Amino acid sequence: MAEPVLNLSPSPGDEVKTTTCYMCACRCGIKVWLHDGQVRYIQGNRDHPVNQGVLCAKGASGIMQHYSPARLRKPLLRVGERGSGEFREIEWDEALDLAASWLKPIRERNPDELAFFTGRDQSQALTGWWAQQFGTVNYAAHGGFCSVNMAAGGLYSVGGSFWEFGEPDWEHTKYLMLWGVAEDHDSNPIKLGLGKLKAHGAKIVAVNPVRSGYGAIADEWIGIRPGTDGLFAFALAHELLRMDRIDLDYLVRYANAHWLVIDHPGGADDGLFARDADGNALCWNTQANAATDANAIGIAPAVVGEYALPDGRKAHPVFQLIVDRYLDPRYAPDAVSERCGIPADTIRRIARELAAAAFDSKLELPIPWTDSWGREHATMQGRPVSMHAMRGISAHSNGFHTCRALHLLQLLLGAVDAPGSFRYQPPFPKPIPPANRPGKARKPDGLLDAPPLGFVHGPEDLVVDANGQPRRIDHAYSWAYPLAAHGMMHTVIRNAHAGDPYRIDTLLMFMANMSWNSAMNTGQTMHWLTDKDAAGEYRIPRIIYSDAYASEMVAYADLVLPDTTYLERFDAISLLDRPISDADGASDAIRHPLFDPMSQRDEDGQPRDVRGFQSVLIELGARLGLPGLVNEDGSPKYRDYSDYIVRHERAPGVGLLAGWRGEHGDSQGKGAPNPDQLQRYIDNGGFWREELPASARYFKMANRDYLRWAQRFGFVPNDQPIVLQLYSETLQKFRLAAQGHGAIQPPAEHRERVATYFDPLPIWYEPFEHDQTSRTTFPLNVVTQRPMFMYHAWGSQNAWLRQIATRNWLYLHPDTGAMHGIADEDWIEVSSHNGTIRVQAKFAANVQPDTAWSWNAIGKRKGAWRLAKDAPEAEKGFLLNHLISDITPRGDYANADPVTGQAAWFDLRISIRKAGAGDGQSAPQFAPLGFVAARAAPLRYGAGFRRRHKLDAR
Ligand code: SF4
């Protein structure tokens with residue numbers, strides 16, 4: 001008889017299904033183990049290109065997201081006053097009838113009276129398209145209050161960006177600078193990459209006022225003062241130029257360093273590129289001693305000097321303008337050191353280290369490749385310096401130019417898509433700027449001419465009326481925020497309340513906690529949501545809201561459409577939306593239902609009658625008869641979202657998913673719809689990936705193999721090289737308009753602003769709140785960080801993640817505490833120009849002394865999320881949002897970047913003073929909502945699982 005042996009790997013469940021995590025924006029592959037029909041265990045999928053098996057605390061805690069007591073269970077219709085949280089449950093038919101009855105007259109009357117805004121939505125390829133079918137210009141997702149500076153700064157400079165659209169060359173980088181990076185976006189890939197760098201002995205430098213997360217394992221922490229990253233980048237550029245440690249060959253081959261810029265002060269052509277009759281940019285060809293096509297090869301273009309064009313106009317190469325600006329003594333390390341909070345010697349040393357890593361390492365990969373002009377190269381020349389940046393540098397009113405400054409620095413080093421440097425992830429790079437412009441004209445059938453979000457190429461693309469006034473409720477693409485490529489969700493509620501520029505009828509929102517942690521000026525926002533006019537009618541007449549959970553925003557809706565959890569529906573992680581590609585291949589993925597929601601019980605044991613928002617949107621569109629959502633006979637075109645994912649074609653052969661297209665599933669990228677496509681994804685672990693050939697993996701902006709491959713997928717229109725824009729003619733066009741040139745000019749009140757901030761080369765200026773408030777009254781900066789273990793409000797209600805933290809503190813450097821007479825854990829009053837809150841301080845030396853910080857989105861309103869009445873999140877936790885104004889201290893514009901409209905969360909300045917403990921609760925507190933926990937007993941999920949065998953008899 002065999003001896004019993006210990007089974008060290010008991011199966012965690014009866015069956016396992018592969019899908020995609022949704023506990024943060026990273027979208028890792030997961031394996032979900034089920035036991036008796038319940039989720040038993042979630043593990044990382046080793047085969048998945050994003051995480052290669054790595055799983056974080058959030059991902060593992062997805063179980064508690066699926067079984068959260070806060071889940072909504074049925075459509076809700078408001079019966080009390082808005083904000084009271086009094087609802088009655090209704091059936092889906094009634095809910096959809098009602099929504100359609102509200103929306104139909106709007107579409108017939110004026111589609112712009114619908115404002116449709118989504119939060120941390122991962123289905124923008126659908127939601128933006130739906131808004132286009134409805135015909136409203138008033139659509140956006142959350143990018144405007146997240147990191148559009150990062151996206152726009154990159155897309156208008158290098159045709160790609162940091163974020164999850166590019167990545168350091170983890171295999172070859174020798175020097176990585178992380179600028180303002182928290183642990184949210186691209187989380188597990190960065191962890192994997194940092195591990196590789198550590199193993200290779202690469203140096204990691206973290207530039208951040210706070211040392212947490214990735215910064216904690218960096219080799220060097222630079223505790224920069226908030227909002228000065230651009231100044232630091234310019235000082236590094238100054239040093240590189242001074243030392244002549246610049247990759248001029250790269251700048252001429254791949255960027256516009258040699259393009260001639262017309263010097264004609266006061267002229268309508270001043271600052272534009274000199275062009276030939278066919279529109280080709282010109283350079284000064286020193287061989288011919290004449291201005292010739294800048295994109296020709298085999299020439300010797302000048303990069304410095306002044307030249308006379310054939311018609312006598314003066315012109316300078318872009319690089320000359322760069323030298324003139326950044327070699328200026330105002331950007332010398334000694335000149336910026338005090339403002340940045342970085343010793344000048346450190347700045348000089350970092351510049352030397354960057355140059356040494358880029359130029360002295362002699363990295364050269366033996367990979368033959370052919371450039372766009374047909375020249376063959378035996379090797380790929382490396383520049384093993386990488387940068388990665390995120391919200392810390394972009395959530396400032398100077399963030400757009402700061403992001404451009406980082407790209408300038410990379411380009412000077414030749415470190416964009418060279419081996420060892422920042423690398424594009426397909427579908428990037430895109431032409432600069434990307435071709436798709438924002439939709440604004442309405443066709444006879446009500447359809448908008450393009451999706452509402454896009455990229456403006458000049459003043460003619462703004463979404464303004466004949467007087468130059470905003471046409472969108474959020475004022476995106478107006479003269480105040482011309483390049484607002486992600487919209488401006490943070491301005492919608494103020495403007496809708498004020499009727500600026502017009503009254504809307506219905507606000508439709510999805511996954512956007514706009515009455516709490518997603519809003520600036522939170523208390524005022526709650527007032528705007530509930531305020532009534534003289535006739536006793538709500539100033540925002542109707543609010544429809546969809547969410548899976550009883551968030552603070554649910555109480556402010558008139559009609560609540562309960563969403564599923566991420567394990568109960570189909571989703572497409574599409575290349576048309578936020579791709580999950582890596583630098584060596586293109587990928588997309590799906591989620592698919594592991595359960596029928598109706599089979600799942602809620603906290604009280606009641607059946608859940610919830611539907612995926614995307615399917616609801618498709619049904620609603622069909623009920624409204626929207627063009628793309630009904631057949632010619634008026635019948636619904638799509639059964640639900642899964643049907644749409646498979647059968648919808650954005651262009652012939654192009655759908656939401658690129659894998660297994662064609663009738664038989666044998667086409668990738670383009671091909672006819674494949675009825676079996678979703679099953680093919682499921683069979684493949686929920687994702688699709690096509691690897692790039694080795695010759696196509698670097699220099700994608702001018703690599704013939706890559707551009708032809710990308711053209712096949714529809715990522716680029718042709719195989720022409722994408723010239724990286726050190727100098728932006730698009731920005732100069734706006735400046736010229738503001739100076740009185742051209743047919744389309746800004747209204748008088750915006751002229752100076754546009755002329756100032758639309759500088760074609762990156763600039764640095766004081767963040768608006770720093771400039772417009774007293775440094776004496778508000779001596780400290782304050783920023784939030786996102787914890788590694790939570791992601792937005794939906795993670796901070798998760799029972800398992802709450803065991804890590806149930807409250808936040810205001811973290812102060814001990815020296816700062818001492819200076820203000822504050823001891824560790826004292827209660828303090830924190831004031832800004834917008835208000836005062838009372839919170840508890842905690843000492844932490846991981847922050848530079850004139851900055852305080854806190855975790856974001858942990859503080860909750862009492863009675864929300866079905867937490868206990870005395871949950872620490874509400875009693876002790878707090879939001880900095882109460883202190884953050886949604887407009888500048890001067891009150892003239894949104895608290896946002898003047899180029900893109902990105903919310904300037906991190907411009908906040910505060911004062912602190914010791915306060916009494918009061919009632920031991922943070923302030924302000926608001927009337928409790930009614931979504932409190934039904935039971936006081938501890939949650940013991942899993943306690944009832946049958947004990948698995950520990951011993952196997954063999
Ligand atoms: S990093 Fe994000 S997507 Fe990946 S496992 Fe963690 S929570 Fe899920």
Side-chain angles (χ1 to χ4, degrees), residues 12 16-33 39 41-68 119-123 142 146-147 163-165 167 170 178 181-196 212-214 217 388 390-391 425 511 548-549 565-569 571-574 577-582 587-592 594 685-687 689 785-805 855-858:
V16 62
K17 300 193 178 187
T18 50
T19 184
T20 306
C21 184
Y22 201 166
M23 293 295 289
C24 85
C26 189
R27 293 159 294 174
C28 297
I30 52 172
K31 295 168 99 170
V32 182
W33 288 87
V39 187
Y41 181 56
I42 297 179
Q43 68 181 140
N45 180 358
R46 283 178 188 273
D47 301 326
H48 200 278
V50 170
N51 56 321
Q52 296 154 43
V54 173
L55 193 73
C56 76
K58 302 177 297 254
S61 302
I63 297 178
M64 283 298 103
Q65 207 73 7
H66 177 68
Y67 293 113
S68 167
R120 199 57 193 84
D121 167 24
Q122 292 183 3
S123 54
H142 81 298
C146 182
S147 266
W163 214 339
E164 62 253 40
F165 307 147
E167 62 182 283
W170 300 113
L178 293 165
V181 178
E183 292 75 47
D184 44 2
H185 286 263
D186 222 20
S187 175
N188 278 344
I190 291 181
K191 288 177 212 152
L192 280 162
L194 292 177
K196 284 182 186 166
S212 71
Y214 305 144
I217 62 154
H388 186 71
M390 211 24 231
R391 193 177 302 109
Q425 296 171 338
M511 274 179 75
Y549 305 100
T565 75
Y566 71 106
L567 299 178
E568 296 171 320
R569 64 161 178 264
D571 272 330
I573 292 96
S574 171
D577 186 351
R578 304 275 301 265
I580 55 162
S581 305
D582 57 274
S587 301
D588 59 19
I590 65 161
R591 295 190 186 90
H592 59 106
L594 312 188
F687 68 92
R689 180 172 186 270
Q785 296 275 114
R786 201 176 305 294
M788 195 167 271
F789 50 90
M790 285 173 182
Y791 186 72
H792 294 283
W794 83 64
S796 50
Q797 56 87 36
N798 182 297
W800 288 352
L801 299 175
R802 291 184 69 220
Q803 294 180 59
I804 302 173
W855 294 125
N856 185 43
I858 291 181

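In listed order, ligands and their atoms are each counted from 1. These numbers were taken from a predicted model, which means no experiment stands behind them. Both backbone and side-chain heavy atoms feed into the values below; hydrogens, waters and symmetry mates do not.
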Exercise: identify the closest heavy-atom pair between Ser147 and Met390: OG-CE, 3.4 Å
Trp800 CH2 to Ile63 CD1 distance, which is reported to the nearest 0.5 Å: 4.0 Å
Gln65 CD to Leu567 CG distance, which is reported to the nearest 0.5 Å: 9.5 Å
Side chain to side chain contact (heavy atoms under 4.5 Å, CB included) between Arg786 and His792, intermediate numbers included: CA-CA 8 Å; Arg786 201 176 305 294; His792 294 283; 3.7 Å; yes
Plane angle bin for Trp163 and Phe165 - parallel if under 30°, tilted between 30 and 60°, otherwise perpendicular: tilted
Within-4.5 Å side-chain heavy-atom neighbours: Val50 and Arg27: no
Around atom 8 (Fe) of ligand 1, number of protein N/O/S atoms which are nearer than 2.8 Å: 1
